[in-house]
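The structure appears right after this line, and notes come after that.
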Protein chains: 2
Amino acid sequence: MTSARVGPVSTPRRRRPSVGDVARVAGVSVGTVSNVLNKPELVSPETRDRVEGAIKELSFVRNGRARQLRQGSSTTVGALLLDIRNPFFTDVARGIEDRLAVDDLTLMLGSSDDDPRRESKFLRLFEEHGVLGLLVVPTTHETKHLAAIQERGVAVVLLDAPPGAAGLSSVWLDDVAGGALAAGHLLEQGHERIVFLNGPHSIRQCQDRREGVDRAVLAVGQDPARVVEEITLPRLDAAAGEAALAAWVAAHGGAAPAAVFCVNDLVAIGVQRALRRAGGFALLSGCAVVGYDDIDIAAELAVPLTSVRQPRHEMGHEAAELLLRQAAGEAEQHTVFQPELVVRASSVPGG
Amino acid sequence: MTSARVGPVSTPRRRRPSVGDVARVAGVSVGTVSNVLNKPELVSPETRDRVEGAIKELSFVRNGRARQLRQGSSTTVGALLLDIRNPFFTDVARGIEDRLAVDDLTLMLGSSDDDPRRESKFLRLFEEHGVLGLLVVPTTHETKHLAAIQERGVAVVLLDAPPGAAGLSSVWLDDVAGGALAAGHLLEQGHERIVFLNGPHSIRQCQDRREGVDRAVLAVGQDPARVVEEITLPRLDAAAGEAALAAWVAAHGGAAPAAVFCVNDLVAIGVQRALRRAGGFALLSGCAVVGYDDIDIAAELAVPLTSVRQPRHEMGHEAAELLLRQAAGEAEQHTVFQPELVVRASSVPGG
DNA sequence: ACCTTGCGAGAAAGCGGTTTCTCGCGGCAC
DNA sequence: GTGCCGCGAGAAACCGCTTTCTCGCAAGGT
């Protein structure tokens with residue numbers, strides 16, 4: 001470990017001043033202090049000045065929990081994403097945050113890591129916390145538990161997921177179309193076999209992308225079972241992609257597959273890494289790779305990555321928008337975005 | 001826009017059941033319900049069963065705000081980072097979260113975008129929210145306002161920043177050493193001029209890295225003023241790096257600088273992009289580029305990037321650790337990590 | 001039979017704000 | 001001079017939960 005520690009001195013800890021303290025210093029009642037804070041126009045200028053002076057003097061900061069408890073309101077929304085380290089989700093998160101900032105709301109983030117236990121832990125935490133609403137990338141198809149939360153008065157929007165239980169708004173992207181786009185592109189390039197590094201089908205996106213792949217294969221009159229070799233990854237990051245492809249290469253005497261479709265760009269980056277390690281640039285450039293998400297760095301890689309683009313920021317923004325509407329009592333609403341194929345060197349011969 | 005909307009149906013909204021409701025259904029007092037929730041061993045099994053039945057029946061979820069208000073405790077900590085989209089910060093955030101999860105605490109994240117106004121807005125929000133503690137990447141050298149917050153009873157730890165006002169713990173990395181490492185490496189490669197794409201010196205890290213660069217230059221008996229050409233970027237992302245380097249190339253008749261040191265990897269990625277666009281792979285491979293942070297994808301770029309590595313996850317973890325200690329009344333403490341140079345193709349001739 | 005224990009449950013007082021209701025007081029019309 | 005109105009400030013209830021304190025009651029000891 002390359003670190004060092006130093007440090008003496010102790011830290012004081014005092015009770016925070018309350019409206020009562022402010023009232024005492026200003027020589028008014030607590031109700032008046034509250035009025036200064038919330039409805040200054042109801043208070044005479046002199047009194048207001050005295051109170052504001054006292055607030056400064058004590059450096060009073062009001063207790064938002066008590067405030068919200070009384071008002072029954074809330075200013076935070078919770079978002080439960082699959083993995084905050086995945087650039088796809090941070091871009092989505094930023095989209096959410098940007099929309100919330102307009103209304104002076106703040107965001108609590110959690111990563112479920114696609115683990116239902118972590119998901120339910122965070123959901124409970126958020127709900128107890130009294131969030132205004134919840135944006136959830138669900139870990140399973142089953143969304144009844146989310147509908148139940150909404151029944152209890154917390155607006156819930158499904159994020160990166162199709163419409164689920166009745167009453168829940170949703171924002172997602174047509175992953176069947178996305179999968180078809182990717183596979184169609186590879187087939188067009190003349191590939192007859194496609195290795196598909198996918199996540200478990202319990203993840204909706206993974207299942208849908210597979211369905212899209214199958215449709216594309218059927219569309220050219222081929223048999224998916226013969227064309228597609230699907231490998232299920234335990235996790236959807238670069239390390240998992242690298243391991244899976246290294247195993248494939250090892251199992252095929254050092255040869256690379258002709259075409260690989262990866263369930264996301266991180267996995268694709270891992271695949272490229274595995275190819276480079278196994279056979280250098282030659283192997284790498286002989287293998288067509290397509291990713292998914294089109295994260296910012298996809299274009300900057302050793303071999304720029306062909307990818308299926310999702311409007312990440314916009315998806316987050318729209319999800320927050322729907323959440324606020326739903327919280328305002330509007331009806332549920334479903335927005336579906338369309339994917340777009342971005343072709344780069346990783347999938348075309350001259351790359 | 002590639003999206004569509006649909007949706008009818010209305011959303012109900014009911015008052016959440018309270019302990020009082022549970023008590024009524026179970027035929028006990030609210031105090032007993034509370035005891036079932038918090039000290040089940042004090043309640044007789046039959047009563048406990050009745051209460052738990054009522055909780056299930058009403059699907060009661062306790063109101064954490066009221067709970068924390070009464071207890072005076074809190075289970076969330078706030079972290080104010082510069083930009084959540086920068087992988088450096090998400091890795092730090094993940095380190096924080098991993099440490100907090102051990103104690104069942106949750107994280108609220110905010111991005112200040114290096115804007116003091118956004119910073120103070122978030123600080124107020126967090127403080128009103130009653131967070132247990134605050135991890136802050138400060139936007140200025142001035143940390144008195146943070147010390148003032150700690151005076152009011154919220155533990156504060158400076159993150160990615162050197163010790164500031166008395167009483168505040170801190171976790172940072174020796175950026176002077178980091179800057180020296182990068183510049184020393186470029187000088188060793190025989191470069192006599194270094195273009196340094198830096199952020200404004202009002203950002204401590206930027207100032208320190210510059211100082212490190214100067215020291216390295218002085219160490220080989222050269223004059224920093226002659227060797228280093230520093231360009232100040234308005235933002236520290238890929239777009240800013242690309243724009244700055246494109247301008248440099250344009251101003252030098254299409255020639256690339258021999259050596260570029262970038263204040264972070266995103267900027268370096270932008271630089272590589274600019275070089276590729278201006279002169280293709282030839283120009284790119286003729287220019288030595290060094291980045292900072294060593295984010296995960298640095299190794300996967302078209303030209304793998306030499307970078308100064310920071311232990312991101314560990315820094316976040318340690319910051320959370322210090323925060324919890326400080327919140328527990330322990331004395332302030334300062335941890336400083338050491339950077340490490342990771343040499344890749346982007347800075348060495350044979351790359 | 002009587003007094004002490006001790007256990008389990010209820011009543012009530014907060015936590016720190018907001019909000020409603022009441023009330024005193026000065027100004028104004030009659 | 002009396003009555004009314006309205007403004008500004010205070011008193012008190014309340015949000016939902018925890019926690020302390022009290023008390024009834026059954027068991028156990030003598």
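Just so it is clear: chains get the letters A, B, ... in the order the sequence lines come, proteins before strands, and each one is counted from 1.
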Nearest-angstrom distance from the residue atom CD of A/E46 to P of D/dG8: 9 Å
Partner set under side chain to side chain donor-acceptor pair (under 3.5 Å) for B/E127, not counting sequence neighbours: B/R152
When all nucleic acid strands are considered with a 4.0 Å heavy-atom cut-off, which category describes A/G130: base, sugar-phosphate, or nothing? nothing
Who passes side chain to side chain donor-acceptor pair (under 3.5 Å) against B/S29, sequence neighbours left out? B/T32
Sorted by chain and number, sequence neighbours left out, side chain to side chain donor-acceptor pair (under 3.5 Å) with A/D49 holds for none
Nearest-Å distance, CD (B/Q68) to P (D/dT19)? 12 Å
Taking only Lys NZ, Arg NE, NH1 and NH2, and the carboxylate oxygens of Asp or Glu, determine whether B/D114 and B/R118 approach each other closer than 4.0 Å. no
In B/S/- notation (B base, S sugar-phosphate only, - none; protein heavy atoms under 4.0 Å), nucleotides 17-25 of chain C written 5' to 3' is BBB------
Atom-to-atom span, CD of B/E41 to P of C/dC7 - whole angstrom: 12 Å
Mind checking side chain to side chain donor-acceptor pair (under 3.5 Å) for B/D98 and listing every partner two or more places apart, or none if nothing turns up? B/R94, B/H313
Rounding to a whole Å, what distance do you find between A/L42:CG and D/dG6:P? 16 Å
Could I get the full list of ring pair (Phe, Tyr, Trp, His ring centres under 6.0 Å) partners for A/H317, not counting sequence neighbours? none
When the distance from CG of A/L69 to P of D/dA13 is rounded to whole Å, what number comes out? 17 Å
